[in-house]
Number of protein chains: 2
Amino acid sequence: MCTEKITEIRKLSQKYAYASLQMHETIARKAGFSATDHKYLGFFLQKGSLTAGELASLTGLTSGAVTGLINRFERKKLVKRVHDHHDGRKVIIEPDRTKIMALMTPFYQTFQQESENIIASFSEAEMEILKAYFLKALALTQETYNQFK
Amino acid sequence: MCTEKITEIRKLSQKYAYASLQMHETIARKAGFSATDHKYLGFFLQKGSLTAGELASLTGLTSGAVTGLINRFERKKLVKRVHDHHDGRKVIIEPDRTKIMALMTPFYQTFQQESENIIASFSEAEMEILKAYFLKALALTQETYNQFK
DNA sequence: AAGAATTATCTTAGTCACTAAGATAATTAT
DNA sequence: ATAATTATCTTAGTGACTAAGATAATTCTT
């Protein structure tokens with residue numbers, strides 16, 4: 001069997017994950033965010049509005065840390081706090097997508113375009129293989145995460 | 001063309017990168033490390049002995065932060081400080097690979113095995129495609145990192 | 001319907017890792 | 001020899017985190 005090739009690819013994917021982390025942290029600093037703020041900012045683009053509690057459980061942060069996170073974003077006018085009409089305890093955090101995008105785009109536009117160029121360099125059948133791999137790898141990563149959290 | 005599929009895969013890989021980050025941070029906490037200590041611990045396994053300065057430029061930390069990092073690892077007896085005989089200013093950090101491995105393995109063994117199982121579920125020709133993708137994606141990520149650092 | 005328990009968020013106190021700037025000590029250049 | 005440079009460490013201050021408790025709204029119990 002091709003045990004070596006398997007291990008090689010596994011290590012490659014590990015290296016990629018680390019490089020990705022480094023890249024994001026570096027961009028975060030350049031964009032004037034702490035690494036963690038930047039990390040969670042993407043959440044709002046992905047998920048839209050969230051309550052503080054939802055954000056806490058998604059991020060794994062304590063409620064106090066989330067309060068601080070929201071305060072920092074609110075100061076920069078990237079999100080708004082809105083009280084839920086149905087449940088007055090809840091605070092809904094409404095991101096200003098346009099403003100957030102405007103901050104991120106300069107850094108990611110080229111990267112995303114190049115990423116898509118790389119993907120586009122594969123045939124449609126090959127893309128299916130990439131997709132299959134990512135779906136499996138994502139599931140395993142999330143399982144492992146859930147196992148330890 | 002299949003623009004949608006391309007974007008789908010790009011987003012999938014993005015999601016994977018984020019999940020990977022979350023997983024590593026969670027494991028770090030479980031293993032009794034701060035997320036950053038855990039992140040840099042892997043460095044020693046990969047690179048072996050390093051000087052404090054080399055570590056600083058690899059991690060992007062200031063020299064003071066590196067001093068603290070080494071102190072914490074040294075307290076846990078995971079690394080040793082050795083003075084360079086040729087250049088008395090330099091401090092070589094010698095990792096105790098066995099000890100570090102012993103700390104990491106319980107958390108990563110299953111994950112790595114399952115990762116390899118996923119890879120092994122592809123044919124050899126398909127593996128070549130995965131490898132090709134990772135090599136390109138890694139290069140792009142590192143380029144982007146270098147561009148902003 | 002009133003009181004108790006729960007839930008959601010915020011506040012406070014304390015900790016830890018970081019940066020920036022300067023100190024120390026060894027090496028290299030003039 | 002002296003000056004400049006290099007490598008690491010130290011110190012002071014900052015920022016984001018946790019844990020625990022406060023506050024306020026909702027839901028459950030009887």
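Given the structure is predicted, the values throughout are model-derived calculations rather than measurements. Reminder, nothing fancy here: chain letters follow the sequence lines and each chain counts from 1.
Judged by the 6.0 Å distance and 45° axis criteria, K15(A) is not positioned over the aromatic ring of F134(B).
Here T36(A) reaches the OP1 or OP2 of dC17(D): one of its side-chain N or O atoms lies under 4.0 Å away.
Between I92(B) atom CD1 and dC9(D) atom C1' the separation is 17 Å, expressed in whole Å.
Proximity note for A65(B) (side chain, C-beta onward) versus dT19(C), dT18(D), dC9(D): the nearest is dT19(C). Checking dC17(D), dC18(C), dA25(D) against every side-chain atom of L61(A), the shortest atom distance belongs to dC17(D). For K90(A), the side-chain atoms get nearest to dA8(C) when compared with the rest of dC10(C), dA8(C), dA7(D). Out of dT26(D), dC10(C), dC18(C), the shortest distance to the side chain of V91(A) is found at dC10(C). Listed nucleotides: dT27(C), dA16(D), dT19(C). Nearest to the side chain of R89(B): dT27(C). In the set dC18(C), dA16(D), dT8(D), dA16(D) carries the atom at the smallest distance from any side-chain atom of R72(A).
Using a 4.0 Å heavy-atom cutoff across all strands shown, A52(A) reaches sugar-phosphate atoms only and no base atom. Contact annotation for G68(B): no contact, since no heavy-atom pair falls under 4.0 Å across all strands. Within the 4.0 angstrom heavy-atom criterion, only backbone atoms of the sugar-phosphate kind lie near R81(B); the bases stay farther away.
Not a single donor-acceptor pair, N or O on each side, falls under 3.5 Å between the base of dC18(C) and the side chain of T62(B).
Of the residues near DNA chain D, D37(A) and T51(B), the one whose nearest nucleotide (by heavy atom distance) lies more toward the 5' end is T51(B).
Between F33(B) and H38(B), the ring planes lie tilted relative to each other; the angle falls in the 30° to 60° range.
At a threshold of 4.0 Å, the pair K80(B)-E74(B) does not count as salt-bridged, since none of the basic side-chain nitrogens sits closer than that to a carboxylate oxygen.
For the residue pair Q22(A)/Y18(A), the side-chain donor-acceptor check at 3.5 Å is satisfied.
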